[in-house]
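Here is the structure we will look at, set down as structure tokens.
The structure displayed is predicted, hence computed values, not measured ones.
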Amino acid sequence: MRNANKINFKSCSRGRLFLCSFICLLNLNFVFAQKTEVIHQSDFKHDYVLPRSEYLENLKDTSSSKYVATLRATCKSRPGSIGGIVTLIGMRSKELGGNVFYLSSYQEVDSSLTMIIKVYYAFKKVFDANERNRLKQKVMVYSSDKHIDRYQCFLLNDSLKCFNSRNTFEFAPKPGEKYVVRTCSGPQFLIVVISGVPIVIPKKTKAKIKYKEGAEMLFVGISSGGLVKKEQINPKGKMHIAKSGLGFLEYRVGRVLMEIYKPEN
């Protein structure tokens, strides 16, 4: 029903290594502690060929869709692990016959997170509308790890930005402007939107950039080997964080994360 926007990653081998490490972290971190289970299933059946299951943007659309099942998903309470469990949720939803899902509720106990997921089958008109209703005109940055008293730091156009690792950092990009998001050490990537499609290119690569109004929301994950205490933050941005790197998160992963991790005040 929809071809997902393609994100092209072009960088040196070191940059690819960081990116691959982040993707592996999202999908493999604490994989043995992750599980999904069906706690209720309807008798609705169909023979349609389904694309992958997407996040439901407007809960009112459930009235025009068919309820499929309710899932309970458990994983470690950290963004890196949530990225992996959302992949499993999407696969399980599709297996059950659903093409959309949403986070109904969640509970955090110590380091464990339990999510209740509602799965629906949205007919083509509703599914297409759901794709058009994706959030736009914003970038959200997450830390792959979290700690109540630790901060994640990165550079936005050479300006140091820090946020509590239990929250997220967001900003609204302006059309026609360039934005460089990079870790305090490690590879640098330029986030651009060309003809509405988000692309990541190396900072030194020249490109004619034209930001399109209404471009889809971007979710950026920062993978690092350590977080910092508030008193350790260096205003000049010269902090060394081992094994740091950047990567884009799947839109549906970002949508689940933004329901759990609130923006930094």
Quick one: does any side-chain atom of Asn130 pair with a main-chain N or O of Tyr55 as donor and acceptor, under 3.5 Å? yes
Tell me, with the steps shown, if Thr70 and Val119 meet side chain to side chain contact (heavy atoms under 4.5 Å, CB included). CA-CA 6 Å; Thr70 299; Val119 180; over 6 Å; no
Treating Ser165 as the side-chain partner and Arg150 as the backbone partner, does any N or O pair qualify as donor plus acceptor under 3.5 Å? yes
Ring geometry between Tyr48 and Tyr121 (parallel below 30°, tilted from 30 to 60°, perpendicular above 60°): parallel
Is it true that Tyr179 and Phe171 have ring centroids separated by less than 6.0 Å? yes
Please walk me through it: do Phe219 and Val253 pass side chain to side chain contact (heavy atoms under 4.5 Å, CB included)? CA-CA 9 Å; Phe219 299 94; Val253 171; over 6 Å; no
Can you list everything that forms a side-chain contact (heavy atoms from CB on, under 4.5 Å) with Lys94? Sequence neighbours excluded, please. Leu50
Could you pull out the closest heavy-atom pair between Thr36 and Ala73, with the gap in Å? CG2-CB, 4.0 Å
Face-on cation placement of Arg166 at Tyr261 ring, 6.0 Å and 45° thresholds: no
Residues pairing under salt bridge (Lys or Arg N to Asp or Glu O under 4.0 Å) where one sits in residues 96-121, two or more places apart or in two chains, turn out to be Glu108-Lys146
Which residues pass the side-chain hydrogen bond (donor to acceptor under 3.5 Å, both in side chains) test with His40, sequence neighbours left out? Tyr67
Given Phe101, which partner from the list Leu71, Val86, Leu96 fulfils the side-chain contact (heavy atoms from CB on, under 4.5 Å) test? Val86
Are any of the side-chain nitrogens in Glu54 or Arg252 under 4.0 Å away from the carboxylate oxygens of its partner? no
Which residue pairs pass the salt bridge (Lys or Arg N to Asp or Glu O under 4.0 Å) test with at least one member in residues 37-47, sequence neighbours excluded? Glu37-Arg72
Please list all pairs meeting salt bridge (Lys or Arg N to Asp or Glu O under 4.0 Å) that have one or both residues in residues 57-66, counting only residues at least two apart or in different chains. Glu57-Arg255
Through direct or indirect side-chain contacts below 4.5 angstrom among Ile, Leu, Val, Met, Phe, Trp and Tyr, which residues connect to Ile39? Ile116
Taking Gln232 for the side chain and Lys229 for the main chain, is one N or O donor matched with an acceptor at less than 3.5 Å? yes
Spell out, as yes or no, whether a donor-acceptor pair under 3.5 Å connects the side chain of Thr62 to the backbone of Leu59. yes
Do Val126 and Tyr102 belong together in a cluster built from hydrophobic side chains that touch within less than 4.5 Å? no
Output, in order, the C-alpha distance, side-chain angles, deciding distance and verdict of side chain to side chain contact (heavy atoms under 4.5 Å, CB included) for Leu257 and Ile82. CA-CA 7 Å; Leu257 285 173; Ile82 295 172; 3.8 Å; yes
Arg132 with Asp128: basic N within carboxylate O range, under 4.0 Å: no
What about the rings of Phe154 and Phe169, do their centers lie closer together than 6.0 Å? yes
Should the pair Glu216-Lys136 be classified as a salt bridge under the 4.0 Å nitrogen-to-oxygen rule? no
